There are 2 protein chains.
Amino acid sequence: MGKMEFHTDITRQRKALDPCFEPCPIERGMRVIGGKWTGSILWHLKDHPVRFNDLARQLGGASKKVLNDRLKQMEENKLIKREVISTKPFAVCYEITDFGRTALDFLEALKDWSLEHRI
Amino acid sequence: MGKMEFHTDITRQRKALDPCFEPCPIERGMRVIGGKWTGSILWHLKDHPVRFNDLARQLGGASKKVLNDRLKQMEENKLIKREVISTKPFAVCYEITDFGRTALDFLEALKDWSLEHRI
DNA sequence: AAAATAGGTTACAAAAAAGTAACTGGTTGC
DNA sequence: GCAACCAGTTACTTTTTTGTAACCTATTTT
């Protein structure tokens, strides 16, 4: 009935062989690249920069807010770069960075894996 | 700045070139492999099956509930297999499936990417 | 002048994920 | 016979993520 508080008897406690208290590299990588839409956005930018509303249309399903949140996060993580072009009606372009490009192989592998296993 | 290719330019094209209404393979793959702890769990199982509480200790940080939820989901997705060994004090082992194994290359690539870029 | 476009922002609601603590029911070792 | 182990389950609560809709400033087309 009573709660089992942690007694001083450590002798019988089993220890983990290799506990990972910190998120491991896999977890950390997933946080950067695994967010919803992140992969898709990067994929859409791989050939050329894309403008905000075009991206919104291409990713039919992501709202402007979500898209905007994600773009900001991706910019912070240096996966993409936001560029304002001061033409008469100003335009904004999002383009993939060199760093962002380093994730493409990996995303392609994921894409192939998904298709291969009909996920 | 170089080339500035707008694929939908200042021409009034209000249609997306290739809208993806369905989640694309990258998104779908992420849903299977990208959940919190999923990658780590698979990684811990790659060499040999591991028992529930050992896994819990190794992944110091995941509660039993979360671990259990994740294991069930991973079993549903056929990434792992739950096996009950009916010894006197019964034991439960989680082991990676052949399918789960197909994701390891990809996870290793992610791990290397994270380490390489100090993520 | 009205409507539509660009590139967002804001306030709020809903849903999903994650975490906490207690509890179960059986077993083993002391 | 009590504590600790195994492998969870249950009942919540908290946090995070995601989505909806309206709004904004400025320009441009009809």
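Sequence lines set the chain letters: A, B, ... in the order given, protein chains first and strands last, and positions in each chain run from 1. Since the structure is predicted, the reported quantities are computational estimates derived from the model, not experimental observations.
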query = According to the salt bridge (charged side-chain N to carboxylate O under 4.0 Å, His left out) rule, which pairs have a member within residues 106-117 of chain B, sequence neighbours left out?
reply = none
Within this structure, what is the [atom1]-to-[atom2] distance between [X] and [N], rounded to whole angstrom?
| X | N | atom1 | atom2 | result |
| --- | --- | --- | --- | --- |
| A/Arg31 | C/dA17 | CZ | P | 16 Å |
| B/Lys72 | D/dG8 | NZ | C1' | 8 Å |
| B/Ile85 | D/dC6 | CD1 | C1' | 12 Å |
| B/Phe90 | C/dG25 | CZ | P | 13 Å |
| A/Leu55 | C/dA6 | CG | P | 13 Å |
| B/Leu71 | C/dA18 | CG | P | 13 Å |
| A/Arg82 | C/dG8 | CZ | C1' | 9 Å |
| A/Leu67 | C/dG8 | CG | P | 9 Å |

task = Sugar-phosphate means primed atoms, P, OP1 and OP2; the rest is base. With that split, encode nucleotides 18-28 of chain D 5' to 3' as B, S or - using protein heavy atoms under 4.0 Å.
result = BBB-------S
Side-chain N or O of [X] closer than 4.0 Å to phosphate OP1/OP2 of [N]:
| X | N | result |
| --- | --- | --- |
| A/Arg57 | C/dA6 | yes |
| B/Arg51 | D/dC6 | no |
| B/Asn68 | D/dT9 | yes |

Set of residues satisfying salt bridge (Lys or Arg N to Asp or Glu O under 4.0 Å) with respect to B/Asp105, sequence neighbours excluded = none
remark   = Sorted by chain and number, sequence neighbours left out, salt bridge (Lys or Arg N to Asp or Glu O under 4.0 Å) with B/Lys65 holds for B/Asp69
task = Return the set of residues passing side chain to side chain contact (heavy atoms under 4.5 Å, CB included) with A/Val66 (not counting sequence neighbours), or none when no residue passes.
result = A/Trp37, A/Ser63
message = Just to verify, what does B/Trp43 make a ring pair (Phe, Tyr, Trp, His ring centres under 6.0 Å) with, not counting sequence neighbours?
response = none
query = Step by step, would you call A/Ile119 with B/Ile33 a side-chain contact (heavy atoms from CB on, under 4.5 Å)?
reply = CA-CA 11 Å; A/Ile119 289 169; B/Ile33 203 72; over 6 Å; no
task = Report whether B/Val50 and B/Ile85 are members of the same hydrophobic cluster (ILVMFWY, side-chain heavy atoms less than 4.5 Å apart, transitive linking).
result = no
